[in-house]
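Each remark here refers to the structure printed beneath this line.
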Amino acid sequence: MLETGVILFVSFAYMGLLFAIAHYGDKRADAGRSIISNPYIYALSMAVYCTAWTFYGSVGLAVGSGLGFLTIYIGPTLMALLGWSVWQKIIRISKVHRITSIADFIASRYGKSSALGGLATNIAVIGVIPYIALQLKAISTGFLLITQYPEVSVSFSFSDVPVMYDPAFYIALLLAVFAILFGTRHLDATERHEGLVAAIAFESIVKLAAFLTVGIFVTYFIHDGLGDLFQKAARFADAQNTLGGESGSVGSLIFDKYLTIKGQGFNYTDWSLYLLISMLAIIFLPRQFQIAVVENVNEEHLNKAIWLFPLYLLAINIFVLPVAFSGILHFPDGGVDADFFALTLPMAERQQLLAMFVYLGGMSAATGMVIVETIALSTMICNDLVMPVLLRLPIEEMGLRQDYSGLLLTIRRCSIVLVLLLGYAYFRTIGEFYALVSMGLVSFVAVAQFAPALLGGIFWKSGTRSGAVCGLLAGFAVWIYTLFLPSLVPAGIIAENFVEQGPLGIELLKPFELFGLQGFHQISHAVFWSLLANTGAYVGVSILSRPRTIEHTQAALFVDVFRYSGAAAESHFWRATANLPDLKSLLIRFLGRQRTDEALAEYADKRKLSWNYLVTADANLVSYAERLLAGAIGSASARVMVASVVKEESLGIEEVLNILDETRQVIAYSRELEKATAELQEANRRLKDLDRLKDEFISTVTHELRTPLTSVRSLAEILHTNPDIGADQHKSFTGIIIKESERLTRLINQVLDYEKIESAQMEWIISETDIKEVIQDAVASTRQLIEDKNITIDYELTDNPPLISGDRDRLVQVMVNLISNAVKFCDPDRGKIIIRLTASERQVQVDVRDNGIGIRTRDQDKIFEKFHQIKDPARGRPYGTGIGLTISKRIIDFHHGKIWVKSKPGMGSTFSFTLPTSR
Amino acid sequence: MTPKARKNKRLVGLFLLGSVVFNYPLLSLFNLKTSIFGVPLLILYIFSAWVILILLAAMATRTRGKPRSKSIDKTGP
């Protein structure tokens with residue numbers, strides 16, 4: 001026998017154990033040695049997803065409609081695989097912006113809108129109430145069942161139990177105390193509760209262990225393993241159907257009824273839609289958001305949770321079917337609620353301890369959910385529903401209050417109690433008419449409404465506040481109409497013909513067959529219509545409406561969170577400054593003095609600031625303060641509060657013009673910069689060219705020097721080794737030696753001249769000079785060259801040219817260069833050079849024309865440049881160093897004259913220069 | 001491509017695989033009235049696909065610096 005007192009004692013002792021674990025966790029966190037900072041605890045705490053619905057309800061659903069119960073766990077498995085794409089992004093955004101709830105997330109994304117935050121909070125609270133009621137029902141039923149041990153009571157009604165005698169009521173109150181103690185211990189900018197997480201992880205272990213134990217007991221102790229159980233169940237199904245007059249092949253009926261996806265009002269479409277809402281639920285249920293996002297210690301923990309959490313889901317589902325079949329076999333008359341087979345089976349087998357363990361497992365599943373859910377909802381209610389209203393009320397006393405943190409905590413505590421009482425009320429009035437799972441599914445569809453606004457918000461920049469509001473409203477309205485209102489029918493709150501005939505008898509508006517849509521399970525029907533309306537309104541209105549500036553900013557910060565990562569913490573909307581004492585007192589009012597000091601010290605530490613010298617807070621600090629406040633009171637309220645102390649610089653027309661002007665200047669600067677860059681690039685290119693030319697020049701000069709040297713040396717050697725060489729030969733050899741030496745001297749002189757001209761060290765001897773004499777001198781000194789090649793030379797010299805002032809020797813050098821160039825490129829014997837001198841009053845012009853090979857047009861400009869030699873592939877290495885013309889140009893330039901060439905390949909060339917007359 | 005991006009790509013691939021495996025019409029292929037070793041085929045299919053998916057996810061997330069072998073890309077249910 002199990003006394004009620006014993007059961008109560010065990011129940012409360014279990015709660016006491018939770019208190020102890022949570023207390024230990026908090027103490028360790030305070031000491032800086034977290035026990036929850038590892039991926040295993042993280043994955044286990046995520047398993048708060050598995051509630052009494054999983055623990056008791058899955059069996060009921062399996063008995064009722066086949067394998068559909070598995071979708072609720074396969075969906076989250078699939079979503080976990082998207083952990084790095086979706087979850088991590090949400091976690092990162094929440095950390096950067098200090099977001100502490102789904103409502104806050106949505107409000108913050110769409111321009112820190114308090115209206116949106118309030119709407120989301122309402123949806124979350126109303127949507128989740130049935131889910132909390134489900135847990136309370138499970139706790140209450142579990143208690144009522146086990147107190148009758150070993151009798152398995154066939155039926156009982158909650159209405160027989162007055163509230164004051166209902167243990168679920170007291171457990172609800174106890175849960176409220178727990179949530180208040182560990183969920184609202186203090187206000188924290190991060191809203192993390194380590195002790196709570198530790199307790200939740202422990203509960204996850206208890207419920208899994210309990211369900212596996214009962215599963216193993218049922219499968220291997222009552223029956224002989226899985227195969228045996230399935231066989232017995234198959235035979236039983238056959239027998240049932242024979243009694244009922246139906247017929248079918250032996251052993252096949254069990255497949256029709258239980259082991260199928262398609263059956264009893266459930267089909268593949270329902271299956272897929274169930275998968276969809278459970279995928280969404282794992283992200284958007286307030287408690288999942290709390291555990292997976294807000295309580296997340298380290299993003300890297302996701303790595304293991306991605307497969308550990310699905311593994312947990314898999315493990316807790318293995319024995320659902322065995323328990324279901326065993327229950328059907330054990331209670332063939334169907335009088336026992338299939339939802340509670342897991343508890344009633346050990347009771348019927350008189351396993352007192354096991355029954356107690358299962359009872360505790362069920363309690364752990366239910367309490368974990370209730371605790372986290374109420375805390376998550378209380379944060380939402382406080383930050384996104386109550387505070388925005390309170391802060392806007394013109395209450396004198398509010399302004400005078402020095403410390404809001406106590407008020408905030410009180411609001412949260414009241415919210416926890418309120419949510420629990422609402423859940424309890426729902427359970428007492430409506431809960432007994434529904435199976436556990438159908439209550440939970442109603443909540444799943446409600447929270448799925450967050451999906452378009454939130455997922456759209458983190459992947460689509462164009463989503464606007466109006467779009468989000470319309471989407472949420474549309475989806476929520478459809479949910480209310482197709483699920484919530486019909487759920488009130490059995491309790492008599494709403495007339496029955498609302499469902500049967502539609503409101504006012506309009507068939508098209510029947511809540512389970514809206515607009516005549518048939519063939520859907522009522523949940524799938526609601527999923528389809530609500531998400532259609534929601535997504536349609538969200539996308540449609542977003543496209544049609546224009547976002548405000550702050551929406552633009554937030555959209556960019558959310559969608560591109562990884563690009564701004566790091567920088568994101570610095571980005572800010574405020575262009576404003578604030579009085580530091582004002583800002584500080586604002587923080588103190590909401591966070592308390594100690595936390596404010598800590599937070600500001602941390603800020604100063606990071607930036608190496610000293611508060612002593614600071615009077616005004618810059619935009620950075622204002623944004624930092626806003627994020628701190630956002631953690632405590634939600635982003636929308638934080639914005640309102642910060643706005644009250646900052647001196648925001650309004651964007652007047654003058655400032656706009658200033659900004660425009662700045663922009664214009666910046667553009668101008670950048671254009672100049674581009675120009676300068678282009679010039680630099682050009683200069684660089686030319687330098688590189690010159691460098692290359694210089695290299696070539698050096699190699700040419702050395703080659704030119706070596707050729708005469710080699711011949712001088714070899715001839716000298718011949719003379720040296722053959723003293724008895726003939727006199728004729730001796731003379732000819734020494735003649736060559738002399739000529740080659742002269743050539744060497746000329747070359748070296750040229751290089752030296754060139755060097756002098758380049759370094760401006762040349763000494764010029766300027767005198768009145770007759771250009772005719774210059775020409776004659778030059779011809780005389782090149783006579784030998786000309787005669788050697790047997791070239792004819794003609795003169796067309798004007799008489800009495802005007803004198804010029806210049807350096808006679810240098811000008812002779814120019815002429816010599818031009819003549820020897822002409823000789824160089826003329827064919828021996830047929831060559832002809834014409835020297836012409838013309839004069840005007842202003843200048844004299846000298847042309848040296850030859851009938852040599854000519855110069856290509858593209859080379860004509862370059863031959864006067866430094867180091868430039870004309871390369872002709874047919875002639876190989878050019879003859880000469882290439883500096884003669886450069887020197888000539890320098891000399892003519894010095895005399896303020898001009899030098900140029902006219903030529904056509906094969907037609908000879910004419911080198912000309914002019915010199916100003918001395919007048 | 002960074003190791004994280006590669007890991008993410010694999011997981012998204014697994015998600016797509018899972019979405020196909022756990023949906024109509026593949027499910028209907030196994031929705032038969034047959035048992036293997038006393039366990040109904042559909043149950044066997046769902047649970048083994050589930051286990052394999054979790055295993056693959058565990059392998060895909062275990063990228064710790066070192067270049068990975070290609071084996072995980074080949075195995076599949």
Side-chain angles (χ1 to χ4, degrees), chain A residues 39 66-67 70-71 73-75 77-86 88 224-231 233-234 248-249 251-256 258-263 267-269 271-272 275-276 279 300 302-315 317-318 321 562, chain B residues 1-65 68 72 75-77:
Chain A
L67 296 180
L70 284 172
T71 52
Y73 309 95
I74 293 174
T77 302
L78 294 179
M79 197 40 120
L81 293 173
L82 288 182
W84 281 110
S85 324
V86 178
Q88 193 211 2
D224 283 334
L226 286 175
D228 176 53
L229 188 53
F230 282 124
Q231 261 175 19
S249 58
S252 78
L253 288 160
I254 187 172
F255 287 104
D256 288 338
Y258 305 116
L259 295 172
T260 180
I261 291 167
K262 220 179 135 193
N267 56 38
Y268 289 112
T269 318
W271 172 281
S272 300
L275 271 186
L276 177 69
M279 278 173 65
E300 290 300 316
L302 264 182
N303 228 354
K304 280 218 167 55
I306 279 175
W307 60 273
L308 273 176
F309 173 56
L311 194 62
Y312 185 100
L313 296 180
L314 176 78
N317 272 295
I318 291 173
L321 275 178
F562 294 112
Chain B
M1 194 182 263
T2 63
K4 191 165 255 181
R6 202 179 311 127
K7 178 171 68 183
N8 200 15
K9 200 176 67 176
R10 285 179 187 159
L11 286 170
V12 171
L14 283 179
F15 166 76
L16 295 175
L17 177 72
S19 308
V20 173
V21 164
F22 289 119
N23 259 314
Y24 183 83
L26 276 193
L27 275 182
S28 69
L29 301 183
F30 296 88
N31 200 359
L32 303 173
K33 297 169 181 180
T34 324
S35 294
I36 293 173
F37 304 121
V39 182
L41 179 66
L42 186 59
I43 307 276
L44 203 64
Y45 168 72
I46 291 178
F47 275 91
S48 47
W50 202 348
V51 169
I52 290 169
L53 204 61
I54 292 171
L55 274 177
L56 289 179
M59 286 161 82
T61 51
R62 215 185 37 182
T63 41
R64 283 270 164 206
R68 304 268 308 124
I72 61 158
T75 45

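Residue numbers start from 1 in every chain, and the chains themselves are labelled A, B, ... in the order their sequence lines are given, proteins ahead of strands.
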Rounded at 0.5 Å granularity, tell me how far [atom1] in [X] sits from [atom2] in [Y].
X: B:Trp50; Y: A:Leu70; atom1: CH2; atom2: CG; value: 5.5 Å
X: B:Leu53; Y: A:Trp307; atom1: CG; atom2: CH2; value: 13.5 Å
X: A:Tyr268; Y: B:Asn23; atom1: OH; atom2: CG; value: 10.5 Å

Just so I know, are the side chains of [X] and [Y] near enough to count as touching, which here means a heavy-atom distance under 4.5 Å?
X: A:Leu81; Y: B:Leu16; value: no
X: B:Lys7; Y: A:Asn303; value: yes
X: B:Phe22; Y: A:Thr77; value: no

Query raised in the report: Crowded around B:Phe47 CZ? As in, over 12 foreign heavy atoms under 6.0 Å?
Result: yes
Considering only heavy atoms, which portion of [X] lies under 4.5 Å from any heavy atom of chain B: side chain, backbone, both, or neither?
X: A:Ile318; value: both
X: A:Asp228; value: neither
X: A:Leu275; value: side chain
X: A:Leu313; value: both

Query - Where A:Ile306 and B:Ala57 come nearest, the two heavy atoms and their spacing - result: CG2-CB, 4.4 Å
Requested in this report: Provide the closest heavy-atom pair for A:Leu78 versus B:Ser19 in the form atom of the first, atom of the second, distance.
Outcome: CD2-N, 3.9 Å
Query raised in the report: In terms of heavy-atom pairs under 4.5 Å with chain B, which of A:Ile74, A:Thr71, A:Leu226 leads?
Result: A:Ile74
Query - Residues B:Ile43, A:Leu67; criterion side chain to side chain contact (heavy atoms under 4.5 Å, CB included); working and verdict - result: CA-CA 9 Å; B:Ile43 307 276; A:Leu67 296 180; 3.6 Å; yes
